[in-house]
Amino acid sequence: MTTQPQEHAAYDFAYVQEKWLPIWDKLEPFKSGRADDPRPKKYVLDMFPYPSGDLHMGHAEAYALGDVIARYWIQKGFNVMHPIGWDAFGLPAENAAIKRNADPREWTYENIAVQKSSMRRYACSFDWDRVFNTCDPEYYKWNQWLFIELHKRGLAYRKDSAVNWCPGCQTVLANEQVVAGLCERCDSAVTKKKLNQWYFKITDYADRLLDDMEQLEGKWPEKVLQMQRNWIGRSQGANVQFEIEGRDEPVTIYTTRPDTLYGATFMVVAADSALAAELAAGGPVEKEFNDYLESVKAASDIDRLATDRPKTGVDLKRFAINPVNGAKLPIWASDYVLADYGTGAIMAVPAHDQRDLDFAKAMKLPVQVVVQTDEEDPAVTFVATTGDGVLVNSGSLNGLNKADAIAKITAELEAKGLGKSARNYRLRDWLVSRQRFWGTPIPIVHCDKCGEVPVPADQLPLTLPSAKDIDLKPKGQSPLAAATDWVNTTCPSCGAPALRDSDTMDTFVDSSWYFLRYPSSTNDKEPFSRADIDTWLPVDQYVGGVTHAILHLLYSRFFTKVLNDMGMLGFNEPFTRLLNQGMVLMDGSAMSKSRGNLVRLSDELENHGVDAIRLSMVFAGPPEDDVDWADVSPSGSVKFLSRAWRLSGDVTSAPGVDFSTGDLSLRKATHKALHDAAFAVESFRFNVAIARVMELVNATRKAVDSGCGAADPAVREAVEAIAIMLSLVAPFTAEEMWERLGHKPAIATAGWPEVDPALLVADEVEAVIQINGKIKGRINVSPSISDADLEAAALAHADIVKELNGAAPKKVIARAPKLVNIVL
RNA sequence: GCCCCCGUAGUCCAAUGGCAGAGACAGAGGACUUAAAAUCCUUCCAGUGUCGGUUCGAGUCCGACCGGGGGCACCA
């Protein structure tokens, strides 16, 4: 660092950063919830981080964006709560602990401390009084309390089911941990395993999760709503009963095409369903079926995911009776029918369903066309016809179209008690058990006599034991099961010896309600108080990555609805507005050490300063787009910030000077920038907002150097506006400018200057004159000119008179004050 | 296979259906300087992926296609 101050030197960002941090610590400009605060509230929330090492470039983008929003609303006079915490349970800590033979607590709390201090240096506008970590017993106590509440309501239950199993890690995997059929951690091929596990009954809320999205229309990204709809996957159809020869009970199938009932030529049951085993038992094909079932079970997800897999199956030599025409349909078992969707059995209509047709082709089964379309015969082409058409070969349905046929056959079936209209969902219940240590212990005691007994509320939290004497290595069972002192207990109900549930909860449980805890973060009587909730919730603005578009957001919405039903909340959607930021890439791909394109945030901050990195992130493009770090210029940001900062040294008028006497054109530029930047921020076009500030900086530079001069009050007004607008994205530079302008910190609460509408009106605008849409002339007019006056002025314009050459216009469109189009 | 989003200068990106360029990066030139850096100024660069339609007028709306990205995926 040179000691000789240079006249045009860039300001010293490192010095400025160190200077202001302790002052801000003292002033606490972002403290929310003072009892006497008269300002209207705004809850701005960033998705809380997982403490996996220090902050990286992705965090830098996310928190820069959340900060712009939070700081904007503060400047606009709102009482903003902008909290932060840590999503601190999870696998990476456990893996690190195994590697270092340590307790996951150490690694986790060390990383939280590192991230916390980085956030402070990054000047995040967080309210540090509300911090909590999900691995704190004071927090996960309430996970356990909620679990028990769900259990009471039948929304937490256990069942046997085929779950994702990684043979490498010896553990169950969540769906999201299975990437293209492989374990995301060890790349082993994932298989299915039948296990007894805890589930949350999210399917009870499928319709509400779908229908309540109406409230979010236009406020959440359309893409996210689409993904959630897709994930829930509601379909409308009918359940139809088929008698089975030699079986007392009929079998119910689900179909979305009851209109094609007459085209059913066989039935298929899921190979891994109880029904398939029952139908095969004792019959001639029992051995063949069992062999087939074995091969199906052994198939990995990779195999199941292959799209052009040949169809396989076993003819069970049993028959179903088509209720509409008495036809005898052979029953097959196959893995192309899913046991856990619908009823696990289908009627196969090969003419009008491609999968059924593929199966019919492989097994040489008949194809019966019942909907006449203008497409070619599926029995010949082996391309199923799925479009609308006229029903044929279908008894009472003949001659109808698809929609009418569906209505008619459904009514007929219902009248005969053979079926009824039904809905199905792609959404499955949420598997919440994990065979892992570093999570919330499931607060249930298993008693031989009393069954599943919840841990009494006064014994919560049920804390995790120390990891010191526990082998955390995955071996197919929770490490807690081996902690005998912990697992062995007595039944809270009868007092007999009993065992604790040794599984822990999915960490998504932690994050499904954390946003409700911030307003009550120190409350040890309840998870949150209704008064706090009514004050602050719902979240006005949620900011986070699109990676959470389905799971986290769906689970949070589910919890909110459950808590609403429990009377603990007065709303049913937790996040009023959602902003998804894109990813930070390098040279077109995600950053990773192995790819060799990792950009270290700490290096960037060291080289360019906090403000320049924040500015670069926000200016790079629309927030939801990915940022390719190769395309942005942090040194360009430094240059701009220095340019803005230099202006604060040029101002010679005193603070408080009357702006109204200042240079009019610069004043108009200032007020237009304030107006446009505010509009841009509110519509999440932060890059545009910054462009407006850049324009004002350029205009002010010109005014100082070759215009009204540095002493003009308009220059002070402009530079103060620049500082306040910059405070959203470059807080250090802005604070330094504010001080040089003669003001006291903190600029964060200085307030957005009021825009004078009179200064937004231009004196004169240039109107364009077109002939047949082509520009032929321009005239300067008053902004308040009428359409008629503008039209007259245009027709009188010398160039236009010449161009028209006496021809009479067919039509003249005038759009005062901008445009006239003369149509010939 | 089904669904969604996006294609604008060399690059990143702006543009309530009304002058395609706001802003920036990179490039070129100039001023200042012994020189360089820094600073200041000036400047080059596309007719909006393709074809068709609606309109007085289309980057913007509609349709098809091409290219890129994403989600779901044997869900009956």
Side-chain angles (χ1 to χ4, degrees), chain A residues 6-10 221-235 237 253-258 260 264 268 270 304-309 311 334-338 340-349 352-356 358-359 386 424-428 546 549-550 582 615-616 619-622 624-628 630-637 639-640 642-643 646 676 679-680 685 687-698 701-702 705-706 766-775 777-778 809-815 818-824:
Chain A
Q6 303 262 319
E7 196 191 339
H8 292 299
E222 188 48 43
K223 183 182 163 186
V224 174
L225 296 176
Q226 197 69 41
M227 282 164 72
Q228 295 228 346
R229 280 192 199 101
N230 210 338
W231 185 265
I232 297 166
R234 181 161 68 194
S235 83
I253 61 99
Y254 173 72
T255 178
T256 55
R257 293 292 305 275
T260 63
V268 186
R304 288 186 69 94
L305 284 171
T307 47
D308 50 357
R309 258 174 106 212
K311 292 279 186 287
S334 174
D335 65 350
Y336 89 90
V337 171
L338 306 176
D340 59 351
Y341 182 80
T343 60
I346 63 154
M347 65 168 190
V349 184
H352 307 299
D353 183 284
Q354 191 59 47
R355 296 153 303 187
D356 295 345
D358 291 343
F359 193 83
T386 55
N424 261 301
Y425 305 87
R426 183 174 279 133
L427 182 70
R428 302 295 198 274
V546 75
I550 297 174
L615 176 68
S616 299
F619 185 56
E624 57 276 5
D625 287 8
D626 289 345
V627 175
D628 194 327
D631 291 331
V632 310
S633 170
S635 58
S637 299
K639 207 169 99 178
F640 164 67
S642 309
R643 199 167 143 82
R646 238 178 287 118
D676 291 358
F679 180 69
R685 284 146 55 244
N687 53 329
V688 177
I690 291 168
R692 295 295 161 263
V693 183
M694 288 174 167
E695 277 179 276
L696 184 58
V697 167
N698 292 341
R701 178 83 265 153
K702 201 166 269 176
D705 290 350
S706 55
E766 188 180 63
V768 172
I769 307 169
Q770 300 176 333
I771 294 179
N772 290 335
K774 300 263 181 330
I775 295 161
R778 297 155 194 279
K810 222 184 272 172
K811 196 171 168 186
V812 179
I813 292 115
R815 288 283 178 274
K818 289 162 82 176
L819 172 136
V820 179
N821 190 13
I822 299 161
V823 185
L824 293 180

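Each chain gets a letter, A, B and so on, in the order its sequence line appears, and its residues count up from 1.
If you check B/C25, B/C72, B/C19 against the side chain of A/V768, the one that comes closest is B/C19. Ranking B/A76, B/G23, B/G18 by closeness to the A/Y341 side chain, first place goes to B/A76. Candidate nucleotides B/C19, B/U11, B/C13 were compared by shortest atom distance to the side chain of A/P622, and B/C13 ranks first.
Summarising the base pairing, B/A73 is matched to no nucleotide, lacking a Watson-Crick or G-U wobble pair whose two defining distances lie under 3.5 Å. Base pairing of B/A28: its partner is B/U42, meeting the Watson-Crick or G-U wobble criterion (both donor-acceptor distances under 3.5 Å).
Taking atom CG of A/D625 as the reference point, atom P of B/C12 lies 11 Å away to the nearest angstrom. In this structure, the CG atom of A/L615 is 10 Å from the C1' atom of B/A24, given to the nearest Å.
A donor-acceptor contact shorter than 3.5 Å is absent between the side chain of A/N424 and the backbone of A/S235. Using a distance-only test at 3.5 Å, with no hydrogens or angles considered, no donor-acceptor pair links the side chain of A/N821 to the main chain of A/I813.
Here, B/C45 and B/A28 have their P atoms 16 Å apart, quoted to the whole Å. B/C5 and B/C40 have their C1' atoms separated by 43 Å, with the value rounded to a whole Å.
Between A/D353 and A/R257, none of the side-chain N atoms (NZ, or NE/NH1/NH2) sits under 4.0 Å from a carboxylate O, so this pair counts as no salt bridge.
When the nearest nucleotides of RNA chain B are assigned to A/S635 and A/I775 by heavy-atom distance, the more 5′-ward of the two goes with A/I775.
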Polar atoms only, N or O, under 3.5 Å: list the protein pairs with nucleotides 3-10 of chain B and their distances.
residue	atom	partner	partner atom	Å
B/C3	O2'	A/Q226	NE2	3.2

